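Below is one structure, written out as structure tokens; the observations come after it.
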2 protein chains.
Amino acid sequence: MDEINKFKKILKLDRINLEIFRSLTKEGKINYSKIGKEHGVSHVSIKNRYENLIKRNIIKPNILVNFSKLDFKLAILLLELETEGYERVKDTYFNCPRIIYSFNIIGEYNHVLVFFAENLDMVETIFNSCMLNNLKGVRKSNILIFGSLSENLFLPLNFNQLDQQNENTPCGVCCKFCKSFIKGQCFGCPASKYYNGPLKIT
Amino acid sequence: MDEINKFKKILKLDRINLEIFRSLTKEGKINYSKIGKEHGVSHVSIKNRYENLIKRNIIKPNILVNFSKLDFKLAILLLELETEGYERVKDTYFNCPRIIYSFNIIGEYNHVLVFFAENLDMVETIFNSCMLNNLKGVRKSNILIFGSLSENLFLPLNFNQLDQQNENTPCGVCCKFCKSFIKGQCFGCPASKYYNGPLKIT
DNA sequence: ATTTTAAGTTACATTTTGTAATAGATACGA
DNA sequence: TCGTATCTATTACAAAATGTAACTTAAAAT
């Protein structure tokens with residue numbers, strides 16, 4: 001019971017909050033007045049609930065992209081890292097626009113990276129040039145490539161990194177000097193000015 | 001070049017669309033007028049761009065939940081399924097409120113499920129009672145448990161399934177008859193009327 | 001017992017949105 | 001090449017939603 005009350009202080013799940021969470025996905029917008037009317041409270045109350053949850057960093061509105069519609073490839077990289085490398089991975093890839101998720105796990109591996117590339121060749125290039133070259137202390141690794149994305153697979157994309165005005169990538173290299181980029185095997189990093197793939201900002 | 005033009009027809013990335021995508025995360029709302037003013041176009045134009053991308057199923061606004069703030073546990077289940085079971089997994093868990101992601105992969109395993117549970121004991125219970133009991137044709141499985149979620153980890157939660165008014169779970173069982181539930185080892189399925197954990201709607 | 005905090009209310013001025021009619025540019029088939 | 005769709009954009013105005021501030025109530029903390 002204590003576990004439950006503690007949880008409720010963080011995220012109270014009642015019909016009103018549920019409706020707040022749902023409305024954005026259902027209608028693409030949050031309409032304070034409408035939700036308020038439906039639940040017999042004022043629009044200001046809805047606004048406060050919503051904004052407080054965001055301010056307290058409990059929820060985050062976001063735009064997810066349907067990766068099934070793009071012709072992108074996704075991959076999961078399972079890593080067993082030595083202690084030193086372990087801390088560094090998150091730092092290195094914290095702002096990488098290709099990394100969708102990065103988390104520590106317990107078990108056969110201790111870190112997971114989920115990333116995307118523009119096509120299958122690029123998966124290989126990214127894996128070799130961006131990752132293995134950059135990472136130290138990898139004891140073991142395993143790559144799982146996503147198969148056909150038949151259903152709609154919506155994932156977050158780091159739009160904040162797509163400005164494409166920086167000389168260096170967020171992970172600290174420069175595409176200009178990368179073999180794969182020079183040979184034309186790689187579109188480059190979508191966060192750098194050298195990028196020339198489908199995510200190029202027009 | 002053709003690859004890039006094909007992509008642009010699906011998702012045109014210019015400064016305006018980028019700003020549309022960013023604004024929701026930055027400000028929690030999409031303000032057509034404001035974005036329009038900033039980019040020298042009318043609010044109607046912004047509205048149309050946004051609504052068309054949603055209607056075409058390219059993007060989906062969503063509320064992500066900060067799992068680092070909740071005391072929930074996350075796990076990745078890697079499965080090697082026989083052809084017959086392969087098709088069934090997606091169907092069975094399509095509406096499961098605990099499943100965050102489900103996708104086909106190529107490699108050592110052919111399917112991945114990412115799910116959450118209220119605590120570590122529940123991970124075990126879900127794995128045994130909900131999954132292994134329900135799945136046929138599993139040749140090999142591997143479970144990876146998430147470690148400490150030090151950073152903020154925002155993931156989507158299926159709020160549409162949290163009504164808690166159904167006798168049966170979306171995967172087709174009834175908690176009332178489940179051993180783990182009867183013994184009090186399990187909060188039950190958050191989609192069913194029997195659920196009594198922290199996600200209980202008040 | 002008093003203060004603080006959290007959650008909600010009303011009222012009104014301001015801002016945003018929806019809608020409809022319309023225009024220009026591009027794509028495309030006959 | 002002509003005409004027809006289609007896509008993207010515009011303006012203008014009525015309708016609706018939002019932001020804000022001052023205030024209320026209840027619960028929690030000191």
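Because the structure is predicted, anything quoted here is derived from the model rather than measured. In what follows, every chain begins at residue 1, and chains take the letters A, B, ... in the order their sequences are listed.
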Quick one: are [X] and [Y] in side-chain contact, heavy atoms under 4.5 Å?
X	Y	result
B/Asn119	B/Phe72	no
A/Lys26	A/Glu19	yes
B/Ser141	B/Glu80	no
A/Tyr32	A/Glu51	yes
B/Tyr93	B/Phe115	no
A/Ile63	B/Leu53	no
A/Cys171	A/Phe94	no

Is the backbone of [Y] close enough, under 3.5 Å, to the side chain of [X] for a donor and an acceptor to pair up by distance?
X	Y	answer
B/Asn110	B/Ile106	no
A/Arg22	B/Phe159	yes
B/Thr125	B/Ser180	no
A/Ser129	A/Ile126	no
B/Lys176	B/Tyr194	no

Q. Does any residue of residues 19-27 of chain A have a heavy atom under 4.0 Å from DNA chain D, and if so, which ones, in number order?
A. none
Q | Nucleic acid footprint by protein, nucleotides 6-12 of chain C - heavy-atom cut-off 4.0 Å, B for base, S for sugar-phosphate alone | A | --SBBB-
**Q.** Ring-face cation of B/Lys200 near B/Tyr195 (centre distance under 6.0 Å, axis angle within 45°)
**A.** no
Q.
Please report the end-to-end axis angle for the helix from C/dA1-D/dT30 to C/dA30-D/dT1, five pairs per end, rounded to 10 degrees.
A. 50°
Write down the protein N/O and nucleotide N/O pairs, taken from nucleotides 24-26 of chain C, whose separation is under 3.5 Å; answer none if there are no such pairs.
none

Q. How close or far is atom P of D/dT6 from atom NZ of B/Lys55, stated in whole angstroms?
A. 13 Å
Q) Does B/Lys47 make a side-chain N or O approach to OP1 or OP2 of C/dG18 shorter than 4.0 Å? A) yes
Q. In residues 29-38 of chain B, which ones come under 4.0 Å of DNA chain C, going by heavy atoms?
A. B/Ile30, B/Asn31, B/Tyr32, B/Ser33, B/Lys37
Q: Show your working on salt bridge (charged side-chain N to carboxylate O under 4.0 Å, His left out) between A/Glu82 and A/Lys136 and close with a plain yes or no.
A: CA-CA 8 Å; A/Glu82 288 164 13; A/Lys136 312 264 184 230; over 6 Å; no
**Q.** Qualifying ring-ring contact (aromatic ring centres under 6.0 Å, His included) pairs with a residue from residues 37-67 of chain A, counting only residues at least two apart or across chains
**A.** A/Phe67-A/Phe116
